[in-house]
Asks: 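Submitted below is the structure of interest, expressed as structure tokens.
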There are 2 protein chains.
Amino acid sequence: MKEQTLFKKILRDSGYSTTKARSLIFDLLLGSDDPRTMHQLIEATEGRIDRVSVYRIVELYEKLGVAQRINIGWKYKIELSDVFLDHHHHMTCLDCGRVVAVKDEPMFEEMIERLGQANRFVLKSHQLEMQGYCDRCRSNAAQ
Amino acid sequence: MKEQTLFKKILRDSGYSTTKARSLIFDLLLGSDDPRTMHQLIEATEGRIDRVSVYRIVELYEKLGVAQRINIGWKYKIELSDVFLDHHHHMTCLDCGRVVAVKDEPMFEEMIERLGQANRFVLKSHQLEMQGYCDRCRSNAAQ
DNA sequence: CTGCTTGCAAATCTTTTGCATTGAA
DNA sequence: TTCAATGCAAAAGATTTGCAAGCAG
């Protein structure tokens with residue numbers, strides 16, 4: 001199913017309407033490879049949507065599982081959820097700030113599952129964030 | 001080495017002095033099992049330290065590797081770094097908010113290492129955050 | 001002593017709330 | 001048409017900055 005169609009279906013099924021503002025935010029998220037900060041997202045609307053609405057829309061997307069916040073350093077960024085992007089994790093370069101999406105291995109998922117059971121948790125989600133220096137930056141300067 | 005001693009040594013070695021304010025924040029972090037939000041930390045000082053100083057001290061602790069921010073849901077919390085606590089990860093209950101520290105397996109560390117190499121990153125740190133429902137909450141209501 | 005630290009005041013930035021108006025179905 | 005969604009104004013909350021006074025070494 002085309003992303004936009006699935007997106008509209010999710011809204012409709014949950015009793016929300018598809019509006020110009022909601023579609024724009026969705027397209028902005030779909031259009032960028034990298035997660036976006038709230039600030040970037042608001043900038044990207046170029047005043048077409050009020051900042052308050054951006055907050056409200058992102059909040060809704062999180063509730064519906066359309067988007068998720070991920071934590072990069074001290075800040076958070078927004079990206080589409082696993083429904084629209086493959087489940088993955090992030091590796092951030094401490095020097096240039098580049099964020100690489102890392103597909104995870106089945107073995108990793110199994111391990112997460114085991115950790116949950118060992119603590120008697122029924123796990124719903126998880127995030128793995130890694131930081132280090134990418135090859136480009138490493139060849140430029142000694143860390 | 002006793003925690004306080006190591007703490008003072010880290011400050012001294014980096015050219016910072018040990019002050020009443022810095023010791024208090026350190027003790028507060030050392031005294032609680034769970035990570036603390038900035039808000040909780042400020043409350044815990046009971047006005048003995050200005051909120052601005054708390055921010056500045058926490059910032060310094062992060063720079064020196066004494067403490068680290070961890071992301072719990074949308075917010076972040078502060079806890080002592082691996083220098084003072086064993087390296088671990090967090091499992092948060094989506095219902096009651098309880099945070100469980102999870103010791104990780106050597107296998108996990110190996111996997112992280114491999115992921116780094118595969119992406120030509122030299123990894124320096126990583127965090128794994130898991131969310132789900134704990135056994136207490138699960139037995140109270142159906143999720 | 002002397003410069004690093006802190007407190008205080010205030011600026012700035014981020015996020016939330018209330019309410020009147022607009023627009024999707 | 002009708003109620004949900006948006007914009008606008010403003011409040012509330014979080015974080016940062018500048019500067020004078022205080023304290024650790």
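The chains referred to below are lettered A, B, ... by the order of the sequence lines, with proteins before strands, and numbering in each begins at 1.
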Asks: Is there a donor-acceptor contact under 3.5 Å linking the side chains of A:Gln68 and A:Ser81?
Replies: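 No, no side-chain donor-acceptor contact under 3.5 Å.
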
Asks: Using atom types as modelled and distance alone, determine if a side-chain donor or acceptor of B:His88 lies under 3.5 Å from a backbone N or O of B:Asp86.
Replies: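 Indeed, once roles are kept as given, a pair shorter than 3.5 Å links the two residues.
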
Asks: Name all pairs fulfilling the ring pair (Phe, Tyr, Trp, His ring centres under 6.0 Å) condition that reach into residues 91-111 of chain A, sequence neighbours left out, sorted by first residue then second.
Replies: A:His89-A:Phe108, A:Phe108-A:His126, A:Phe108-B:Phe108

Asks: Determine, using ring centers only, whether A:Tyr61 and A:Phe7 are less than 6.0 Å apart.
Replies: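 Between A:Phe7 and A:Tyr61, the centre distance is under 6.0 Å.
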
Asks: Among D:dA5, C:dT14, C:dT6, find the nucleotide with the atom closest to the side chain of A:Tyr55.
Replies: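 Looking only at heavy atoms from C-beta outward on A:Tyr55, the closest nucleotide is C:dT14.
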
Asks: Could you tell me the separation between the CZ atom of B:Arg22 and the P atom of C:dG7, rounded to a whole number of Å?
Replies: 11 Å

Asks: Examine the side chains of B:Gln131 and A:Gln127 and answer whether a donor and an acceptor come within less than 3.5 Å of each other.
Replies: yes

Asks: Using a cut-off of strictly less than 4.0 Å between a heavy atom of the residue and any atom of DNA chain D, enumerate the qualifying residues of residues 40-49 of chain B by number.
Replies: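 The answer is none.
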
Asks: For A:Arg69 and C:dT15, give me the distance from atom CZ to atom P, rounded to whole Å.
Replies: 7 Å

Asks: Take nucleotides 18-24 of chain C nucleotide by nucleotide from the 5' end and write B, S or -, depending on whether a protein heavy atom sits under 4.0 Å from the base, only from the sugar-phosphate, or from neither.
Replies: B-----S

Asks: Give B:Arg51 one of three labels, base, sugar-phosphate or nothing, depending on what nucleic acid heavy atoms sit under 4.0 Å from its own.
Replies: base

Asks: Please give, in whole Å, the distance from C:dC13 P to B:Met38 CE?
Replies: 19 Å

Asks: Taking for each residue the nucleotide of DNA chain D with the nearest heavy atom, is it B:Tyr16 or A:Ile57 whose nucleotide lies nearer the 5' end?
Replies: A:Ile57

